Engineer: 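Can you read through this structure? Questions will come right after.
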There are 2 protein chains.
Amino acid sequence: MQGIKELLNKKGHKATPARLAIINIFKNNKKPISAEEVYKNLKTKLKNINVTTIYRNLSSLSSEGILRKVDLKKDFDLFELNEDHHHHIVCTDCNKIESFKNKEVENLLNTIIKKSNNFKQIKEHSFEIFGLCKACSK
Amino acid sequence: MQGIKELLNKKGHKATPARLAIINIFKNNKKPISAEEVYKNLKTKLKNINVTTIYRNLSSLSSEGILRKVDLKKDFDLFELNEDHHHHIVCTDCNKIESFKNKEVENLLNTIIKKSNNFKQIKEHSFEIFGLCKACSK
DNA sequence: TTCTACTTGCAAGTAATTTGCATCTATGTT
DNA sequence: AACATAGATGCAAATTACTTGCAAGTAGAA
């Protein structure tokens, strides 16, 4: 937690209780979660915490690269810690989420960008899989 | 346009002017577009057309597999014809969209699903690239 | 031509996220 | 340790994309 405070200050942000608690939730949760889930979790720890604060922090932490927004075809945004790049397989029935890493994806990106006429620089990419988990595909 | 009408009827849907016009827009437009864009385009052709009709048709055409929803990190949904599976590279500055196909992606999906403990059946996937196009990366 | 299920337009409703503003508080500086 | 201030927060209201209810319209089978 020491490093986080300094990191935040370096970026011109204050290490407020709300912000530290939010980061902490993500440190302890390895699945993408929504603003509402963060809020429910925080309410028990910080009296008077407001959803707006969650939204604002998720947004700023994401643009600083501490969090990352994940697109899993929900009608709300999901976030996770922006550490060790990985992707997800999501069960469209029960919402189980499995993470995976794959270095082939990087090679693929390189191949694709080389072939492109209009692009030469990739900033980010999405690669998410949707299916049925074993329990739900019976 | 003949086949479309029969296809719709077969699925229990009527070939209404609005629905045919919407499909036509997608036939003539090879980039993902939003409900609002479809609406703007249609207003000039069908007097009295309502956005609600667009939304309802985009939704039903998508669940029938005629259209497909595309996730390009916008705050609105984008749709395109659900023909020849492909992916996109999007310029985060000017929104230029380039399409590409890549058969390696299929192999990758197979490899990944084989390694998974919890999943064995893939229904769909997203693979989209975000970067700067040559014009915007100067 | 008639019947009926599917469609549409319009108005009102949702739900997630954002914004305005007054108040508050970490943090660098005395 | 007290101060000043840029950045944070809470609350309420606003935004935006999209959905729903309902009465009236229409395509398509018989």
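A, B, ... follow the sequence lines: proteins, then strands. Residue 1 opens every chain. What you are looking at is a predicted structure, and each value in this text was computed from that prediction instead of being measured. All values below come from the heavy atoms of this structure, side chains included, with hydrogens, waters and symmetry mates left out.
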Engineer: Tell me the interatomic distance from A/E64, atom CD, to D/dG7, atom P, rounded to whole angstroms.
Structural biologist: 12 Å
Engineer: When the distance from CG of B/L7 to C1' of D/dG28 is rounded to whole Å, what number comes out?
Structural biologist: 16 Å
Engineer: Looking at every non-hydrogen atom in both residues, tell me the closest pair between B/H86 and B/E83 and how far apart they are.
Structural biologist: ND1-O, 4.0 Å
Engineer: We want to know whether A/K74 and A/S34 form a side-chain donor-acceptor pair, criterion being a heavy-atom distance below 3.5 angstrom.
Structural biologist: no
Engineer: In this structure, how many angstroms lie between the P atom of C/dA16 and the NZ atom of A/K73, rounded?
Structural biologist: 19 Å
Engineer: OP1 or OP2 of D/dA12 versus the side-chain N and O atoms of A/N50: is any pair under 4.0 Å?
Structural biologist: no
Engineer: Restricting to salt bridge (Lys or Arg N to Asp or Glu O under 4.0 Å), what partner residues turn up for B/K103, sequence neighbours left out?
Structural biologist: none
Engineer: How many whole angstroms separate atom CG of A/N48 from atom P of D/dA8?
Structural biologist: 19 Å
Engineer: Is a donor on one side and an acceptor on the other found under 3.5 Å between the side chain of B/K96 and the backbone of B/C133?
Structural biologist: no
Engineer: Starting at CZ of A/F79 and ending at C1' of C/dA16, how long is that distance when rounded to a whole Å?
Structural biologist: 11 Å
Engineer: Rounded to whole Å, how long is the line connecting atom CZ of A/F76 with atom C1' of D/dA17?
Structural biologist: 16 Å
Engineer: D/dG28 C1' sits how many Å from B/R19 CZ, rounded?
Structural biologist: 13 Å
Engineer: Can you check side chain to side chain contact (heavy atoms under 4.5 Å, CB included) on B/K31 and B/N29, steps first, answer last?
Structural biologist: CA-CA 6 Å; B/K31 290 193 189 342; B/N29 182 321; 3.6 Å; yes
Engineer: Starting at NZ of A/K114, measure out to CG of A/L109 and round the result to the nearest 0.5 Å.
Structural biologist: 11.5 Å
Engineer: Please list, in numerical order, the residues of residues 29-44 of chain A that have a heavy atom closer than 4.0 Å to any atom of DNA chain C.
Structural biologist: none
Engineer: Please encode protein proximity along nucleotides 24-30 of chain C as a string of B, S and -, counting only heavy-atom distances under 4.0 Å.
Structural biologist: -BBS---
Engineer: Yes or no on side-chain hydrogen bond (donor to acceptor under 3.5 Å, both in side chains) for A/S99 and A/K30, after CA distance, side-chain angles and deciding distance?
Structural biologist: CA-CA 9 Å; A/S99 303; A/K30 292 313 181 184; over 6 Å; no
Engineer: If you write DNA chain C from 5' to 3' in dot-bracket form, with Watson-Crick or G-U pairs under 3.5 Å, [ ] for crossing pairs and | for pairs with another strand, what do you get?
Structural biologist: ||||||||||||||||||||||||||||||
Engineer: Rounded to whole angstroms, how far apart are CG on B/L8 and C1' on C/dT7?
Structural biologist: 13 Å
Engineer: Could you check B/G12 against B/I54 and say which one's nearest nucleotide on DNA chain C is further toward the 5' end?
Structural biologist: B/G12
Engineer: Evaluate A/V38 against A/N57 for side chain to side chain contact (heavy atoms under 4.5 Å, CB included), listing each step before the verdict.
Structural biologist: CA-CA 11 Å; A/V38 172; A/N57 276 302; over 6 Å; no
Engineer: So B/I97 and B/I89, side chain to side chain contact (heavy atoms under 4.5 Å, CB included) or not? Walk me through it.
Structural biologist: CA-CA 6 Å; B/I97 300 178; B/I89 312 183; over 6 Å; no
Engineer: Strictly under 3.5 Å: I want the nitrogen or oxygen pairs between protein and nucleotides 18-22 of chain C, one per line.
Structural biologist:
residue: C/dG20; atom: O6; partner: A/R56; partner atom: NH1; Å: 3.4

Engineer: State whether the side chain of A/S59 and the backbone N or O of A/Y55 hold a donor-acceptor pair below 3.5 Å, judged by distance alone.
Structural biologist: no
Engineer: In Å and rounded to the nearest 0.5 Å, what is the CZ to CD1 distance from B/F26 to B/I33?
Structural biologist: 4.0 Å
Engineer: Return the set of residues passing side chain to side chain contact (heavy atoms under 4.5 Å, CB included) with A/K134 (not counting sequence neighbours), or none when no residue passes.
Structural biologist: B/K120
Engineer: I want to check a possible cation-pi pair here: A/K73 against A/F130, using under 6.0 Å from ring centre and within 45° of the ring axis as the test.
Structural biologist: yes
Engineer: Take B/K27 and B/I4 through the side chain to side chain contact (heavy atoms under 4.5 Å, CB included) test and state the conclusion after the steps.
Structural biologist: CA-CA 11 Å; B/K27 293 265 185 206; B/I4 289 289; 4.2 Å; yes
